[in-house]
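Have a look at the structure below before the remarks.
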Amino acid sequence: QVQPVESGGGSVQAGGSLRLSCTFSRSTYQFNYGAWFCQAPGKEREAVAGIESEGRTRYVESVEGRFTVSTDNAKNTLYLQMNALNSDDTAMYYCAMNGFIPSWSAMWNNQHQYTYWGQGTQVTVSS
C-alpha cells in the first residue's frame, strides 16, 4: 500500500514555528489535491488547510494568516508552514492526497474525499 511519509512535527513554545512535510513516493502518480488535517485527543479529525493543482488554497478560520499550505510538484511533496503557534494547535497532524475531488472548493475539508494518508506527525505547543 502506498502511503505518503510525513516529517517535521515536534515540540515548540507558543509563538514558535514548525514546517510539516509530506512526500508521496509513488513517482508515477501526480496528486492534484492535498490537504492537512489534525486530531487532538478526544476530538474528531478536522481539516486545517487544502491546496489544489492550480495553486488555490483553503484554510479553516482558526489558522488563516498563520499557516501556509504549499507544494513542490517536482518533489511530490506537500508542506504546511505553521507560524504563531498556540496551545490550541496541539494535535496529531495528517497529510492527505488524492488525484481527483469533485467540487473541490466545497469538498476540500471532507476527509472522505482523500485516498492517501500520511502516518501522522505530532505537534505539541507549550505555553
Side-chain angles (χ1 to χ4, degrees):
Q1 183 178 357
V2 179
Q3 182 178 37
V5 177
E6 295 186 40
S7 61
S11 296
V12 64
Q13 289 190 331
S17 298
L18 287 171
R19 189 176 82 155
L20 307 183
S21 299
C22 174
T23 300
F24 195 90
S25 60
R26 188 175 170 187
S27 61
T28 58
Y29 182 86
Q30 179 64 50
F31 72 89
N32 293 312
Y33 302 93
W36 291 93
F37 289 75
C38 71
Q39 186 168 21
K43 294 187 177 181
E44 298 287 323
R45 185 179 299 186
E46 58 185 17
V48 175
I51 188 168
E52 52 87 57
S53 59
E54 295 186 359
R56 290 184 297 167
T57 58
R58 294 289 186 272
Y59 300 93
V60 295
E61 185 176 355
S62 61
V63 307
E64 189 82 50
R66 299 189 298 123
F67 291 10
T68 303
V69 60
S70 62
T71 60
D72 183 334
N73 292 330
K75 297 181 180 179
N76 233 18
T77 299
L78 179 69
Y79 299 102
L80 184 67
Q81 178 66 44
M82 311 166 70
N83 297 330
L85 285 159
N86 60 62
S87 57
D88 290 338
D89 298 318
T90 294
M92 185 73 79
Y93 284 74
Y94 299 89
C95 65
M97 300 177 176
N98 206 3
F100 176 70
I101 296 178
S103 303
W104 174 80
S105 292
M107 300 298 289
W108 74 271
N109 57 350
N110 184 328
Q111 60 179 314
H112 301 293
Q113 297 296 319
Y114 297 90
T115 301
Y116 303 99
W117 288 84
Q119 79 281 8
T121 186
Q122 178 67 38
V123 171
T124 302
V125 184
S126 58
S127 56

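To the nearest 0.5 Å, the span separating CE on Met107 from CD on Gln113 amounts to 4.0 Å. The CG atom of Leu80 sits 9.5 Å away from atom OG of Ser21, with the distance rounded to the nearest 0.5 Å. With values rounded to the nearest 0.5 angstrom, Tyr93 atom OH is found 12.0 Å from Gln39 atom CD. Taken from CG in Leu20 to CD in Gln81, the straight-line distance is 9.0 Å, to the nearest 0.5 Å. Between the CH2 atom in Trp108 and the CG atom in Asn98 there is a gap of 15.0 Å [rounded to 0.5 Å]. For the atom pair OH (Tyr33) and CH2 (Trp104), the distance works out to 8.5 Å, reported to the nearest 0.5 Å.
Scanning all heavy atoms of the two residues, the minimum distance from Ser17 to Asn83 falls at OG-OD1, 2.9 Å. Contact detail for Asn76 and Met97: the closest heavy-atom pair is O-CE, 4.5 Å. For Gln119 against Val5, the heavy-atom pair with the smallest separation is OE1-CA, 3.8 Å. Heavy atoms only, all atoms of each residue included: Asn73 and Thr71 are closest at OD1-OG1, 3.6 Å. Here the shortest heavy-atom pairing between Arg56 and Ser105 reads NH1-OG, 3.5 Å. The shortest non-hydrogen separation linking Ala14 to Ser127 is CB-CA, 4.1 Å.
Proximity of Val60 to Asn109: side-chain heavy atoms (C-beta onward) are nowhere separated by under 4.5 Å. Considering only heavy atoms from C-beta on, Asn32 stays 4.5 Å or farther from Phe100 through its side chain. With a 4.5 Å cut-off on side-chain heavy atoms, Tyr79 and Thr68 do not count as touching. Taking the side chain as every heavy atom from C-beta outward, Trp36 and Phe67 never approach each other to under 4.5 Å. When side chains are defined from C-beta on, Val12 does not count as touching Met82, because their heavy atoms never get closer than 4.5 Å.
Distance alone, capped at 3.5 Å, is enough to place a donor-acceptor pair between the Tyr59 side chain and the Val69 backbone. A donor-acceptor pair under 3.5 Å links the side-chain atoms of Thr90 to the main chain of Val125, judged by distance alone.
In this structure, Trp117 and Tyr114 have perpendicular ring planes: the angle between them is above 60°, well past the 30° mark.
With a 6.0 Å radius and a threshold of 12 heavy atoms from other residues, nucleotides or ligands, Gln13 has its CD atom at or below the threshold.
Asp72 and Thr77 form no side-chain donor-acceptor contact under 3.5 Å, judged by distance and modelled atom types alone.
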